[in-house]
There are 2 protein chains.
Amino acid sequence: MAPAAAPTNDVHTDDLVVAFDAFVKAAKRSRARAEGADGGTLTSSQADLLAPLLECEPAGLGLRALARLAGIAAPTATRMVDGLQERGLVTRRRDPDDGRAVLIALTADGEDALRERRAQLLARRRAMFELLTPSERRAAARVLSRLTSAFEGS
Amino acid sequence: MAPAAAPTNDVHTDDLVVAFDAFVKAAKRSRARAEGADGGTLTSSQADLLAPLLECEPAGLGLRALARLAGIAAPTATRMVDGLQERGLVTRRRDPDDGRAVLIALTADGEDALRERRAQLLARRRAMFELLTPSERRAAARVLSRLTSAFEGS
DNA sequence: TATTGTTATACTCTATAACTATA
DNA sequence: TATAGTTATAGAGTATAACAATA
């Protein structure tokens, strides 16, 4: 008889939808500002592609593994590696154990670029989070964990 | 003698950095899943470009205004409008008051596509947020507002 | 036959510089 | 001369399909 689901919940859900939307927009603007400012040597896509290489030096990884970890198609990874290799940030060598495969590894310059990019990102986030009070930070960490679960379950 | 700034705060900040990072990754994966699934008629960039037109029908807006509101360069907007016009989603007409200007407006199809995209996004977010308890939703809305302020002040 | 990587091709999104038409 | 828009050109990031080499 009652007209379906609790309206109280919907109000809270929609408040959250609005807050989430504002948050996404602010995050986007902030990122745009930051990328315009520093103009680092690596784009986000390139950093995502190279990140797994930090954890498997110096052997390197196959191109297909790299593509899969970055969530892109193999030909895309080939092209990106071409560019990064020309710039001296990665090396390509044949896998001695499998003549089909290629092993991609970071050069010292590539590792520097990647670590520098990470440090900048971390510094920006820390600076931002320092604007919150300690108890707000604790609450934010809890809430973000819950939202992460919600994303994964949706 | 004590080695500088309060370590307690740093721990909380770094917990938040970790939680934030996981959240960003989950959001990215979720978006990728959703865009792969529905394969709607409008990309995010196109929706961002057209969004302001919903609020100024039926007159339309100049190309430069549209580009500025979407945060892109004018030639980029020209190209995007070319494609959307070919698909019958927008119209271009000369401004009767200024022979240099064009006025871009949504067609009925364009408006439908835009509203449908918005509805899908809203439905997805609502479904996700329904996974939280009401008190978690309230806490999340508060936290996201604070983070939005932090983004804007950084 | 299956797998690894590459090439060929194409589309979207983005930019800067140079141009046209109008004010 | 200044402004609105377009064209020309370039480059990153993405995909699928077709191919070569190797297992």
Side-chain angles (χ1 to χ4, degrees), chain A residues 28-29 31-37 39-51 59-87 89-105 113 117, chain B residues 28-29 31-37 39-51 59-87 89-105 113 117:
Chain A
K28 216 174 271 183
R29 277 194 297 270
R31 188 168 46 79
R33 242 180 294 141
E35 303 223 323
T41 52
L42 290 175
T43 64
S44 318
S45 297
Q46 288 165 344
D48 288 347
L49 184 71
L50 299 185
L61 281 174
L63 188 129
R64 233 166 175 86
L66 218 51
R68 184 174 39 75
L69 290 169
I72 61 178
T76 304
T78 292
R79 288 297 163 76
M80 290 176 75
V81 168
D82 287 349
L84 293 164
Q85 189 179 8
E86 267 172 29
R87 290 167 56 196
L89 300 176
V90 299
T91 57
R92 240 198 199 102
R93 67 191 170 84
R94 293 240 74 101
D95 184 338
D97 300 339
D98 183 342
R100 299 169 300 181
V102 142
L103 291 172
I104 290 126
R117 189 179 192 282
Chain B
K28 217 174 272 184
R29 277 193 298 269
R31 188 168 46 81
R33 243 180 294 141
E35 304 223 322
T41 52
L42 290 175
T43 64
S44 318
S45 295
Q46 288 165 345
D48 288 347
L49 184 69
L50 299 184
L61 281 174
L63 189 129
R64 233 167 176 85
L66 217 52
R68 185 174 38 76
L69 290 169
I72 61 178
T76 304
T78 291
R79 288 295 162 77
M80 290 176 75
V81 168
D82 287 348
L84 294 164
Q85 189 178 7
E86 267 172 30
R87 291 168 55 196
L89 300 176
V90 299
T91 57
R92 241 199 200 103
R93 65 190 170 86
R94 293 240 73 103
D95 185 338
D97 300 339
D98 184 342
R100 297 170 300 181
V102 293
L103 290 173
I104 290 128
R117 187 178 195 282

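A note on names: the letters A, B, ... follow the listed sequences, proteins ahead of strands, and every chain is numbered from 1.
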Inset, instruction - Kindly write out the residues that satisfy side chain to side chain donor-acceptor pair (under 3.5 Å) with Thr43(B), not counting sequence neighbours, or none if the list is empty. - result: Gln46(B)
Inset, instruction - Could you tell me the separation between the CZ atom of Arg87(B) and the C1' atom of dC11(C), rounded to a whole number of Å? - result: 12 Å
Legend entry - From dT14(D), dG5(D), dC13(C), nucleotide with atom closest to Val102(B) side chain: dG5(D)
Legend entry - Set of residues satisfying side chain to side chain donor-acceptor pair (under 3.5 Å) with respect to Arg31(A), sequence neighbours excluded: none
Inset, instruction - Please name all residues satisfying side chain to side chain contact (heavy atoms under 4.5 Å, CB included) with Arg29(B), sequence neighbours left out, ordered by chain then number. - result: Glu152(A), Lys25(B), Ala26(B), Arg33(B)
Inset, instruction - Using the closest heavy atom to pick a nucleotide of DNA chain D for each, name whichever of Ala65(B) or Gln46(A) lands nearer the 5' end. - result: Ala65(B)
Legend entry - Counterpart residues, side chain to side chain donor-acceptor pair (under 3.5 Å), relative to Asp95(B) (two or more places apart): none
Inset, instruction - Pick base, sugar-phosphate or nothing for Gly83(A), based on heavy-atom distances below 4.0 Å to the nucleic acid. - result: nothing
Legend entry - Nearest atoms (heavy-atom pairs only) where Arg93(A) meets Ala59(A): NH2-O, 3.0 Å
Legend entry - Pairs satisfying side-chain hydrogen bond (donor to acceptor under 3.5 Å, both in side chains), at least one member in residues 63-81 of chain B, at least two apart: none
Inset, instruction - Please identify each residue that fulfils salt bridge (charged side-chain N to carboxylate O under 4.0 Å, His left out) with Arg87(A), with sequence neighbours left out. - result: none
Inset, instruction - Please list residues of residues 72-81 of chain A whose heavy atoms come under 4.0 Å from any atom in DNA chain D, ordered by number; otherwise none. - result: Ile72(A), Ala73(A), Pro75(A), Thr76(A), Met80(A)
What protein N or O atoms touch nucleotides 19-23 of chain C N or O atoms at under 3.5 angstrom, if any, and at what distances?
unit_1	atom_1	unit_2	atom_2	d
dA23(C)	OP1	Gly99(B)	N	2.9

Legend entry - Residues which pass side chain to side chain contact (heavy atoms under 4.5 Å, CB included) with Ala77(A), listed by chain and number, not counting sequence neighbours: Leu49(A), Leu63(A), Ala67(A), Ile72(A)
Inset, instruction - Look at the side-chain N and O atoms of Thr43(B) and state whether any lies under 4.0 Å from the OP1 or OP2 oxygen of dC13(C). - result: yes
